[in-house]
Amino acid sequence: MKYRIEHDSMGEVKVPADKYWAAQTERSFENFKIGSGVELMPRAITYAFGILKKAAAIANNKLKPEKMTDEKLAAISQTCDEIIAGKHNEHFPLVVWQTGSGTQSNMNANEVIANRGNEIAGKKLLHPNDDINMSQSSNDTFPTAMSIAAVIGIEDKVFPALDKLIGTLKNLEKENEGIVKSGRTHLQDATPITFSQEISGWRASLEKDRKLLEISLPELKELALGGTAVGTGLNAPEGFDVLVAEAVSEITGKKFVTAPNKFHALTSKDEIVFAHGALKALAADLWKMANDIRWLASGPRLGLGEITIPENEPGSSIMPGKVNPTQCEAVTMVACQVMGNDAAIGIAASQGNFELNVFMPVIIYNFTQSVRLLKDCMISFNDNCVVGIKANAEKMHNNLHNSLMLVTALNPYIGYENAAKTAKKAFAENISLKQACVELGFLTEERFDEVFHPEQMV
């Protein structure tokens, strides 16, 4: 491998000749061999740095044109557009497990943009610290990148997948109107419900989760940029914070604003904890829904068997013909991981000292993983399971009319205690509710038939 010599304030460093990064990135690459090649800083953060560095250059060009010249802005902007498009991923090699402020990843972005920008300009035009990091600090750029990545993840990844699944459930509701089945509570038979009502519960849960995520977005859209090292805005010109938020908004098409209190923006991660709590709520509802579906589809002969789901692959290497609810299992594993991520994020947000949180890489690593997993699993669950759910109307009908909890319909006519006696006699003697009720002398056959209508109990 060919190398070139780069230098920083600590001296000279050998850097691979075909890479845009420089000395500080190389030092981090060599010093933090933790999860190397696997647990890299999320690409969502790489792209967010492309956005914020371009925005910073635009703001600096307006406020300090003698330092951030049009020529420099052009080179920086082109490079950042390339980074946002994912063209330079190989030049961002650093792992999550580095400094807790994300300083090395900020410098990674600064170095790549400077060297690629100089290549575009055809001369030594840009310096990583003096130009790319102008009016900034790692302490305000990394939390800004976190905010940008989180907002884009929720709005552009989670919402489309969630909306698709909600749409499928709405269609299922319409398709299954009028099918009455037994409800269940505590895994025990309960009073009747329509299958469309059951589906509506799943759908409404996901719609509520979307609203909770929407509530979290305004706080996530407050940017730390402009606070620099400790929140005072040292070395940033007046008005930089407002202009850079406007530039980020222009680039992303999303309304970001500057954080009103930069001291809070640097040290607290409560907004991202809150937002991930909404992701955890979504995971919880997906877990519950997936469990309901695999219970309802259990069997095919010895379980509930009230619905069928698509048969996607063989379920056993030893039992021929066995098919398992694998999509449901994948959803529940994803939900389990998201809940673990939430615990890590909550603990990490409580850490740091005084003016800076120093667990930021692990926070955004877990957050972006949750976003990616939830997005992917909802699409997979929708396309490979939910769209293919079919009601077994005959089984639902038989289960309904075999349910002892239909006796609840008799409460107004024979009272709770007599209804309980009827249910217990029917169960003990394996006879119908009607036979038990008549034999106990609570109602005549004619009166029973007059008041007992399970389909009207929904």
Side-chain angles (χ1 to χ4, degrees), residues 165-166 168-209 281-310 323-329 331-332 335-336 381 385-386 388-412 416-417 419-434 436-437 452-458:
L165 183 53
I166 290 171
T168 296
L169 291 173
K170 287 181 178 179
N171 291 335
L172 282 175
E173 282 182 68
K174 294 177 183 177
E175 292 172 7
N176 291 282
E177 286 179 355
I179 299 177
V180 182
K181 62 186 290 293
S182 178
R184 294 179 177 85
T185 58
H186 304 273
L187 290 181
Q188 303 297 306
D189 303 340
T191 55
I193 188 173
T194 68
F195 188 35
S196 60
Q197 288 173 331
E198 190 164 45
I199 296 168
S200 78
W202 303 334
R203 185 257 307 156
S205 295
L206 299 186
E207 289 174 337
K208 179 70 74 173
D209 295 326
L282 172 58
D285 282 328
L286 287 169
W287 194 333
K288 190 268 181 186
M289 176 181 162
N291 272 341
D292 286 352
I293 289 172
R294 61 178 171 179
W295 270 106
L296 291 172
S298 61
R301 289 186 173 176
L302 305 182
L304 296 180
E306 291 192 344
I307 65 172
T308 59
I309 56 178
V323 180
N324 297 329
T326 51
Q327 290 293 322
C328 296
E329 291 166 4
V331 169
T332 55
C336 180
F381 189 40
C385 180
V386 180
I389 289 175
K390 301 295 181 186
N392 185 341
E394 182 180 356
K395 186 64 179 290
M396 289 182 178
H397 178 83
N398 291 339
N399 285 345
L400 172 66
H401 285 269
N402 199 37
S403 171
L404 296 176
M405 288 305 99
L406 296 180
V407 77
T408 307
L410 302 179
N411 285 359
Y416 180 93
E417 291 191 10
K421 292 177 182 178
T422 299
K424 290 180 179 180
K425 178 178 176 66
F427 179 69
E429 299 178 18
N430 195 27
I431 59 177
S432 70
L433 288 171
K434 180 178 179 179
C437 186
F452 189 75
H453 301 286
E455 285 75 11
Q456 295 177 11
M457 295 175 67
V458 298

Below 4.5 Å, heavy atoms only, C-beta onward: do [X] and [Y] meet side chain to side chain?
X: Arg184; Y: Trp295; value: no
X: Lys425; Y: Ile431; value: yes
X: Leu286; Y: Leu165; value: yes
X: Trp202; Y: Leu172; value: no
X: Met289; Y: Val386; value: yes
X: Arg294; Y: Thr332; value: yes
X: Glu198; Y: Ile307; value: no
X: His397; Y: His401; value: yes

Gap separating the [atom1] atom of [X] from the [atom2] atom of [Y], nearest 0.5 angstrom:
X: Leu433; Y: Asn402; atom1: CG; atom2: CG; value: 9.0 Å
X: Asn291; Y: Cys328; atom1: CG; atom2: SG; value: 8.0 Å
X: Glu177; Y: Ile199; atom1: CD; atom2: CD1; value: 10.0 Å
X: Ile293; Y: Ile309; atom1: CD1; atom2: CD1; value: 7.5 Å
X: Thr308; Y: Lys395; atom1: OG1; atom2: NZ; value: 12.0 Å
X: Leu282; Y: Lys208; atom1: CG; atom2: NZ; value: 14.0 Å

Checking the side chain of Ser298 only, and the main-chain atoms of Leu304 only, is there a donor and an acceptor separated by less than 3.5 Å?
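Checking the backbone N and O of Leu304 against the side chain of Ser298, a donor-acceptor pair under 3.5 Å is found.
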Applying side chain to side chain contact (heavy atoms under 4.5 Å, CB included) to Met405 and Met457, what does each step give before you reach the verdict?
CA-CA 11 Å; Met405 288 305 99; Met457 295 175 67; over 6 Å; no
List the atom of [X], the atom of [Y], and the distance in Å for their closest heavy-atom pair.
X: Ser403; Y: Ala190; value: OG-O, 3.9 Å
X: Cys385; Y: Pro310; value: O-CD, 3.3 Å
X: Ala423; Y: Leu404; value: O-CD1, 3.9 Å
X: Ala283; Y: Ala335; value: O-CB, 3.4 Å
X: Pro192; Y: Val180; value: CB-CG1, 4.0 Å
X: Ala436; Y: Thr422; value: CB-O, 3.6 Å

Side chain to side chain contact (heavy atoms under 4.5 Å, CB included) between Met396 and Phe195, worked out
CA-CA 9 Å; Met396 289 182 178; Phe195 188 35; 3.8 Å; yes
Take Asn399 and Glu306 through the test side-chain hydrogen bond (donor to acceptor under 3.5 Å, both in side chains) and record every step on the way to the result.
CA-CA 9 Å; Asn399 285 345; Glu306 291 192 344; 2.9 Å; yes
Of Leu400, Thr191, Asp189, which meets side-chain contact (heavy atoms from CB on, under 4.5 Å) against Leu406?
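Testing each of Leu400, Thr191, Asp189 against Leu406, the sole residue satisfying side-chain contact (heavy atoms from CB on, under 4.5 Å) is Leu400.
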